[in-house]
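Following: one structure in structure tokens, then a few remarks.
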There are 2 protein chains.
Amino acid sequence: MGITKKEIFSPTQNELATFAKVLGHPARIAILEYLFKLDSCVCGDLVNEIGLAQPTISQHLKELKTLGLIQGNVEGTSVCYCIHKENWKAMKTMLSEFLNHDSTNMATCC
Amino acid sequence: MGITKKEIFSPTQNELATFAKVLGHPARIAILEYLFKLDSCVCGDLVNEIGLAQPTISQHLKELKTLGLIQGNVEGTSVCYCIHKENWKAMKTMLSEFLNHDSTNMATCC
DNA sequence: TATTTTAATCGTAATATTGCAATGAATACT
DNA sequence: AGTATTCATTGCAATATTACGATTAAAATA
């Protein structure tokens, strides 16, 4: 169906999945890496840097913004996007906790 | 188009996105959490535990297996699935490195 | 051998995602 | 005012994902 049955999972599981999902596209990874590399950024730079059409970049930026990972301020004709530090940190904490599930003491069953 | 232009991104960016993508569904998060909670597991347990139909669970397991995050061994009529420790660790390292991009010294541009 | 159990696979329907051309909105520049 | 620049939005086509009923495959058991 293409529709995810969110209601049968916990809020944490859904939130984790949502964060992971937004990172699940190389363009968004590239955008975030570029934003980290710079201090600031405008959409035009990203179009040149990444090589997707402007509407496509704009769409990816919107998804990142909706989740709160980046923020954008209008500056004249261009828009200055940058990482939303606090939200990034919150995501990092959440994902790290999941990734750090310790498996070293697990019985080897297979 | 629904098709991702992987060729314009670096191998690392694509791999990162692929890992994140497989974590981008609450059912797969739930499966992994359940596998961590136990020592071993069979598919039937997961169907009861999670509440999706058996073919759906099987499909999610396949994706996790294809990426190497879990491994499964046939034991009689059932299959024993568990976390693939090494590959999990590799993914953890890769994602952590990305998440740990330091933004504390970034100029506040917006 | 027939039946049961367990999980993979097939086929299909519904929805989501990705990408871009065309267009629109807002500001800067001449 | 008129033009150029920059980015968002709209509309659409192509592909991917999610979910499940039906079926199949393989091993255990009666």
Side-chain angles (χ1 to χ4, degrees), chain A residues 1-9 13-14 17-18 20-31 34-35 40-67 70-82 109-110, chain B residues 1-9 13-14 17-18 20-31 34-35 40-67 70-82 109-110:
Chain A
M1 303 170 181
I3 190 168
T4 297
K5 284 191 161 181
K6 293 198 176 184
E7 67 278 8
I8 66 174
F9 302 103
Q13 287 169 335
N14 281 315
T18 304
K21 196 173 183 180
V22 88
L23 299 182
H25 193 290
R28 293 190 290 267
I29 295 285
I31 288 172
Y34 191 63
L35 285 177
S40 64
C41 174
V42 289
C43 183
D45 284 357
L46 287 167
V47 173
N48 293 334
E49 178 77 12
I50 291 176
L52 289 171
Q54 181 266 323
T56 308
I57 298 291
S58 194
Q59 197 172 318
H60 284 303
L61 285 170
K62 192 181 178 182
E63 288 176 63
L64 291 168
K65 199 176 175 184
T66 300
L67 239 106
I70 64 175
Q71 59 188 152
N73 281 49
V74 177
E75 302 208 347
T77 53
S78 63
V79 178
C80 168
Y81 276 110
C82 60
C109 67
C110 38
Chain B
M1 304 172 179
I3 191 169
T4 296
K5 284 192 161 182
K6 293 199 176 183
E7 67 277 8
I8 67 173
F9 302 103
Q13 287 168 336
N14 281 315
T18 304
K21 195 174 184 179
V22 86
L23 299 181
H25 193 289
R28 293 192 288 267
I29 295 285
I31 288 171
Y34 190 63
L35 286 177
S40 62
C41 174
V42 289
C43 182
D45 284 357
L46 286 167
V47 173
N48 294 334
E49 178 76 12
I50 293 178
L52 289 171
Q54 180 266 323
T56 308
I57 298 290
S58 195
Q59 199 172 316
H60 284 303
L61 286 169
K62 191 180 177 184
E63 288 177 62
L64 291 168
K65 200 176 175 185
T66 300
L67 240 107
I70 64 175
Q71 59 188 152
N73 281 48
V74 177
E75 302 209 345
T77 54
S78 62
V79 177
C80 169
Y81 276 109
C82 60
C109 67
C110 37

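Numbered from 1 within each chain, the chains take letters A, B, ... in sequence-line order.
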Approximate separation, where rounding is to 0.5 Å, of B/Lys65 NZ and B/Ser58 OG: 9.5 Å
CG-OG1 distance between B/Leu61 and B/Thr56, expressed to the nearest 0.5 angstrom: 11.0 Å
OP1 or OP2 of D/dA19 under 4.0 Å from side-chain N/O of B/His60: yes
Rounded distance in Å - NZ (B/Lys5) to C1' (C/dC20): 9 Å
Nearest heavy atoms of A/Val22 and A/Arg28, plus distance in Å: O-NE, 2.7 Å
Reading 5' to 3' through nucleotides 6-17 of chain C, protein heavy-atom contacts under 4.0 Å coded B for base, S for sugar-phosphate only, - for none: BBBB---BBBSB
Between C1' of D/dT5 and CG of A/Asn48, the distance in whole Å: 13 Å
Sequence-distant partners of B/Gln59, side chain to side chain donor-acceptor pair (under 3.5 Å), two or more places apart: none
Evaluation steps, side chain to side chain contact (heavy atoms under 4.5 Å, CB included), between B/Val79 and B/Cys43: CA-CA 7 Å; B/Val79 177; B/Cys43 182; 5.7 Å; no
